[in-house]
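By convention in this document, chain letters (A, B, ...) are assigned in the order of the sequence lines, proteins followed by strands, and residues within each chain are numbered from 1. What's counted below: heavy atoms across the whole structure, side chains too, no hydrogens, waters or symmetry copies.
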There are 2 protein chains.
Amino acid sequence: MEEVKKQNLKLQIIEAAREVLLSEGYRNLSLRKIARKIGVSATSIYLHFEGKDNLVHSLIEAAIERLNESLKLALPEKGGPINKLEKLAWAYVNFALTHPREYQIIYLVSSDEMTRYPKEKFRKARKGYKLVLQVLQEGIAEGIVDEKKPRIASYTFWAQLHGVLSVVLSKRLDTRIDQEEFIEEAIDHIISSYRQKTSLEAEELDRI
Amino acid sequence: MEEVKKQNLKLQIIEAAREVLLSEGYRNLSLRKIARKIGVSATSIYLHFEGKDNLVHSLIEAAIERLNESLKLALPEKGGPINKLEKLAWAYVNFALTHPREYQIIYLVSSDEMTRYPKEKFRKARKGYKLVLQVLQEGIAEGIVDEKKPRIASYTFWAQLHGVLSVVLSKRLDTRIDQEEFIEEAIDHIISSYRQKTSLEAEELDRI
DNA sequence: ATCCTTGGTTAACAGCGTTAAGTAGTAATT
DNA sequence: AATTACTACTTAACGCTGTTAACCAAGGAT
């Protein structure tokens, strides 16, 4: 059992950190608590990570990968582009709603809440973006999607979705507004803006 | 000068806190630092606030008010609804870009980053939402805006905008993408989704 | 002259991230 | 076989944090 424990202290740390994050939130995530959880001294963490920020970066990375995995699984092989965009959007939403703390940590990388997330790590984050780009280009080819700058458009797609979730998760929504209805409405808006204005019929067909 | 100093220690605290926040970020905002800045003991803050979270809530409230003020000023009295939405969107963006830390603190109220923002305070936050609601209803009346649920729509409007800014401010944007172009494109998308599909001509007229 | 209130203070607690120095156990060298 | 070097940790300590409890000095009311 020793060789099992050996190098995977790093894994144990990440795992424990994730557990604390999911159960108690970022606010209550401390190195000492993580260390206590796996029966090790807090300073041991420095053997595997440069510091707390660095450890959290790993959590972010892992969260992004899990999110991307969900997206990849949700993208159907068949069906029109509008349908595909809808599937992607809902996969994104569902991930965020079922793992809110894990989702939120992804966007915790705000400019001063933490050491800047190393830009080389963003490459992984771009997988989700590429999925949408692909779908958009497919839609453009078929004349169903109206987009001059698909690269930018696929970023705005995620950005808008994130905004919607950000409002929902931070509970800023007016209590008189039903959360689910809000999300549905928002996704409708977002997707409709990518749609070729003259191809409303195509959209109807697409839905079936 | 004493009666000046009297009850406005509270104001001094808020002011100092805001200064620290703007210059050093939320991460480096500590009660002791604020207290030091105005030559008072840290525990004095507890005479005016329940604790740090409570103080930060005040900062949030102030930031929301400043943002709302910008929006109100930016809303023209004349012009079509689409034009008005554009003006509001840009005012929002400009506020966020010129005071990024102040803007970001508004959305810091995530579920576990801080004690829940008291929901009664959200009423003030809804002023901006009402501005959009008003414009949307105006547009619906004129047949230029296509919206069945304007209440919800005005929330999705802000949510989408926030998402765009969130991506920009957290510097998650692909370096190959120009920030300004991204924002313009995104605003275009957001606004176009509220537009009546059959009234593209109206939009053109609106622009002039 | 005493009491109570207002508006602060100091001291202390428990916890934090991080650094420096030390220490067992194992592997390699002589 | 003895010594050295390395690996994977630990303990101690620094300076910071939010927060609580106890104290204190000045002013107004009784």
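- Note that CG of Leu88(A) and CD1 of Ile187(A) are 10.5 Å apart. Values are rounded to the nearest 0.5 Å.
- Atoms CD1 (Ile45(B)) and P (dT10(C)) sit 14 Å apart, rounded to a whole Å.
- Heavy atoms of other residues, nucleotides or ligands lying less than 6.0 angstrom from CD of Glu65(A) number more than 12.
- In summary, the side chains of Tyr92(A) and Ser70(A) do not present any donor paired with an acceptor at a separation below 3.5 Å, with no hydrogens or angles considered.
- Atom CD of Glu180(A) has 12 or fewer neighbouring heavy atoms from other residues, nucleotides or ligands inside a 6.0 Å radius.
- Here the side chain of Ser41(B) is nearest to one of dG17(C), dT18(C), dT9(C), namely dT9(C).
- Between Ser30(B) and dT17(D) there is a side-chain N or O to OP1 or OP2 distance below 4.0 Å.
- Note on Leu47(B): a base of the nucleic acid sits closer than 4.0 angstrom, heavy atoms only.
- Atom NZ of Lys33(B) is separated from atom P of dT17(D) by 7 Å (rounded to the nearest Å).
- To the nearest angstrom, C1' of dG17(C) lies 12 Å from CD1 of Ile34(A).
- The interatomic distance linking Phe49(A) (CZ) with dC9(D) (C1') rounds to 16 Å, in whole Å.
- Of the listed nucleotides (dT18(C), dT19(D), dT9(C)), dT18(C) has the atom at the smallest distance from the side chain of Arg32(A).
- Note on Arg36(A): a side-chain N or O is less than 4.0 Å away from OP1 or OP2 of dC16(C).
- In this structure, NZ of Lys10(B) is placed 16 Å from C1' of dT6(C), rounded to the nearest angstrom.
- Note: CG (Leu31(B)) to P (dT20(D)) measures 11 Å, nearest angstrom.
- Rounded to an integer number of Å, the gap from CD1 of Ile13(B) to P of dG8(C) is 8 Å.
- Position along DNA chain C of the nearest nucleotide to Thr43(B) versus Gly51(A) favours Thr43(B) as the more 5'-ward residue.
- In this structure a side-chain-to-backbone donor-acceptor pair under 3.5 Å is present from Gln160(B) to Thr156(B).
- Summarising the geometry, the separation between CG on Leu9(A) and C1' on dT10(D) is reported as 13 Å, rounded to the nearest angstrom.
- Side chain of Tyr46(B), nearest nucleotide from dC16(C), dG18(D), dT10(D): dG18(D).
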